[in-house]
> 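Dumping the structure here so I can ask a few things about it.
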Amino acid sequence: MTAEMVGHDTAPDRRSWDYLLQAWRELDVPEGWHAEIDEGQIVLVPPPHRHHNGIAAALHRALYRGLPEELEVYQTLGIHIAPLDKLYVPDLVVASREVVDDVDPDSTVPLDAAEAQLVVEITSQSNAKDDRVKKLWAYAHAPVPVYLLVDRFDEHGPTATLFSEPQNGAYKHAERVPFGERFVIPEPLGAAVDTAAFPG
C-alpha cells in the first residue's frame, strides 16, 4: 500500500525531500505498520508475519552475544540513505549508541545510514524483491558496511546472505547460506548466527 506525496523525479530537489520528510514525521501510521520514503513517495509497510518476528528475535539474541559495549541493536529505526534521498526502516540496525542518542530528544531526524554498522532486512512475501534488489543497491550506496538479507522466499529455499565491503555502490563480497547453517558477521560485531534457530 502506498501513499504518493510527491511525484517521482529523477533529480528530486531539496524542497521535495524536506516536504516528504516532514510528511513522514507527521504521518499517523496504523499500529504495527511503518512508513518509508522511496522514489518520491511515502510507502506504508504492513505488519510482518510472526515467523518474520521470530527470525528478528533470534538475530537480536545472536548479535548481543559479542556486541561491543558502544554498539546497540535497534528495531524500527529510520535510516536516511543520503546519496539517494531514501528513508528505510530496516528490521534491525546495529549502530553506535552515542550516534543514535546524540540528537535532540524531540527530533525525528532519521539516522544517516552511513552511521550504521549493520542493517538487517527479513523478506516478506509482498516485498522480497525490494529487499533483494532495491534495498541492496541503496545500502551499498549509503554505504552501509554490512547488509544481512534473510530471505524466507528465495526460489531455492530460505537463505541468509551477508553482503559486505561496499565500493562504488555495490558490495564486493557476498556469503549465502541456506537455513540450517551458520555464518559469522564481520568484525567489529563478530557474531556467529545459527540459522537453524530461525522459524519457518
> More than 12 heavy atoms of other residues, nucleotides or ligands under 6.0 Å from CD of Gln125: is that the case?
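Result for CD/Gln125: open.
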> Name all pairs fulfilling the salt bridge (Lys or Arg N to Asp or Glu O under 4.0 Å) condition that reach into residues 132-149, sequence neighbours left out, sorted by first residue then second.
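Found Glu36-Lys135, Asp38-Lys134, Glu39-Lys134, Glu121-Lys135, Asp130-Lys134, Asp131-Lys135, Arg132-Asp151.
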> Got a donor-acceptor contact below 3.5 angstrom from the Ser124 side chain to the Ser126 backbone?
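Between the backbone of Ser126 and the side chain of Ser124 there is no qualifying donor-acceptor contact (under 3.5 Å).
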> Is any side-chain heavy atom of Leu92 closer than 4.5 Å to a side-chain heavy atom of Gln75?
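They are in side-chain contact.
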> Looking only at heavy atoms, what is the nearest atom pair of Ala35 and Trp24, with distance?
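Minimum heavy-atom separation between Ala35 and Trp24: O-NE1, 2.8 Å.
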> Hey, does the side chain of Thr159 reach the backbone of Arg176 with a donor-acceptor pair shorter than 3.5 angstrom?
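Absent.
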> Answer whether the closest heavy-atom distance between the side chains of Leu67 and Val94 falls below 4.5 Å.
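Yes, at least one pair of side-chain atoms sits under 4.5 Å.
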> Side chain to side chain contact (heavy atoms under 4.5 Å, CB included), that's the test. Do Val73 and Val93 meet it? Break it down for me.
CA-CA 6 Å; Val73 182; Val93 175; over 6 Å; no
> Judged by atom type as modelled, is there a donor-acceptor pair below 3.5 Å linking the side chain of Thr195 to the main-chain atoms of Gly180?
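Looks like yes, one N/O pair under 3.5 Å.
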> Is there a side chain to side chain contact (heavy atoms under 4.5 Å, CB included) between Val146 and Phe163? Walk through the geometry before answering.
CA-CA 6 Å; Val146 183; Phe163 298 94; over 6 Å; no
> Where is the tightest heavy-atom contact between Leu111 and Ala95, given as atom of each residue plus distance?
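Reported closest heavy-atom pair: CD2-CB, 4.0 Å.
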> Report the distance from atom CG of Leu21 to atom CD of Glu26, rounding to the nearest 0.5 Å.
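Output value for this atom pair is 10.0 Å.
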> Can you check whether Val144 reaches Tyr171 side chain to side chain, under 4.5 Å on heavy atoms?
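Yes; the side chains approach each other to less than 4.5 Å.
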> Closest heavy-atom contact between Tyr74 and Ser96?
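In terms of heavy atoms, the two residues are closest at OH-O, 4.3 Å.
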> Return the minimal non-hydrogen interatomic distance between Leu148 and Ala160, and the atom names on each side.
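Heavy atoms of Leu148 and Ala160 come nearest at CD1-CB, 4.3 Å.
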> Would Gln117 and Leu71 count as a side chain to side chain contact (heavy atoms under 4.5 Å, CB included) here? Give the steps.
CA-CA 9 Å; Gln117 297 294 315; Leu71 299 179; 4.0 Å; yes
> Rounded to the nearest 0.5 Å, how far does CG of Leu59 lie from CG of Asp91?
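If we round to the nearest 0.5 Å, Asp91:CG and Leu59:CG are 9.0 Å apart.
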> Quick one: CG on Leu44 to CH2 on Trp33, what's the gap to the nearest 0.5 Å?
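So the CG of Leu44 and the CH2 of Trp33 are separated by 6.5 Å.
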> Report the distance from atom NE2 of His51 to atom CZ of Arg152, rounding to the nearest 0.5 Å.
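His51 NE2 to Arg152 CZ: 7.0 Å, rounded to 0.5 Å.
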> Given side chain to side chain contact (heavy atoms under 4.5 Å, CB included), test Leu149 with Thr123 step by step and report yes or no.
CA-CA 8 Å; Leu149 172 64; Thr123 59; 3.8 Å; yes
> Do Leu162 and Val177 have side-chain heavy atoms sitting under 4.5 Å apart?
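Leu162 does not reach Val177 side chain to side chain.
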> Give a yes or no answer on whether the side chain of Arg97 reaches the backbone of Glu69 with a donor-acceptor pair at less than 3.5 Å.
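It does hold such a pair.
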> Hey, does Ile185 have a side-chain heavy atom less than 4.5 Å from the side chain of Val193?
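Yes, close enough: below the 4.5 Å cut-off.
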> Could you tell me which non-hydrogen atom of Ala58 sits nearest to which non-hydrogen atom of Ala197, and how far apart they are?
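Scanning both residues, the minimum pair turns out to be CB-O, 4.2 Å.
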> Going only through I, L, V, M, F, W and Y residues with side-chain contacts under 4.5 Å, is there a path from Ile37 to Leu27?
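Yes: a chain of side-chain contacts under 4.5 Å links Ile37 to Leu27.
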> Looking only at heavy atoms, what is the nearest atom pair of Pro166 and Ala140, with distance?
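Heavy atoms only, the tightest pair is CB-O, 3.8 Å.
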> Are the side chains of Tyr88 and His80 in contact, using a 4.5 Å heavy-atom criterion?
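His80 does not reach Tyr88 side chain to side chain.
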> Following the transitive rule for hydrophobic clusters with a side-chain heavy-atom cut-off under 4.5 Å over Ile, Leu, Val, Met, Phe, Trp and Tyr, establish whether Val99 and Ile79 coincide in one cluster.
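As far as the 4.5 Å side-chain criterion goes, Ile79 and Val99 are connected within one cluster.
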> Heavy-atom distance under 4.5 Å between the side chains of Ile81 and Leu87, does that happen here?
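Result no, sub-4.5 Å side-chain heavy-atom pair not found.
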> Out of curiosity, does Ile55 fall in the hydrophobic cluster containing Phe153 (side-chain heavy atoms, cut-off under 4.5 Å, transitive links)?
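No, no single cluster joins them.
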> For residues Thr161 and Tyr147, determine if any side-chain heavy atom of one lies less than 4.5 Å from a side-chain heavy atom of the other.
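No; the side chains remain at least 4.5 Å from each other.
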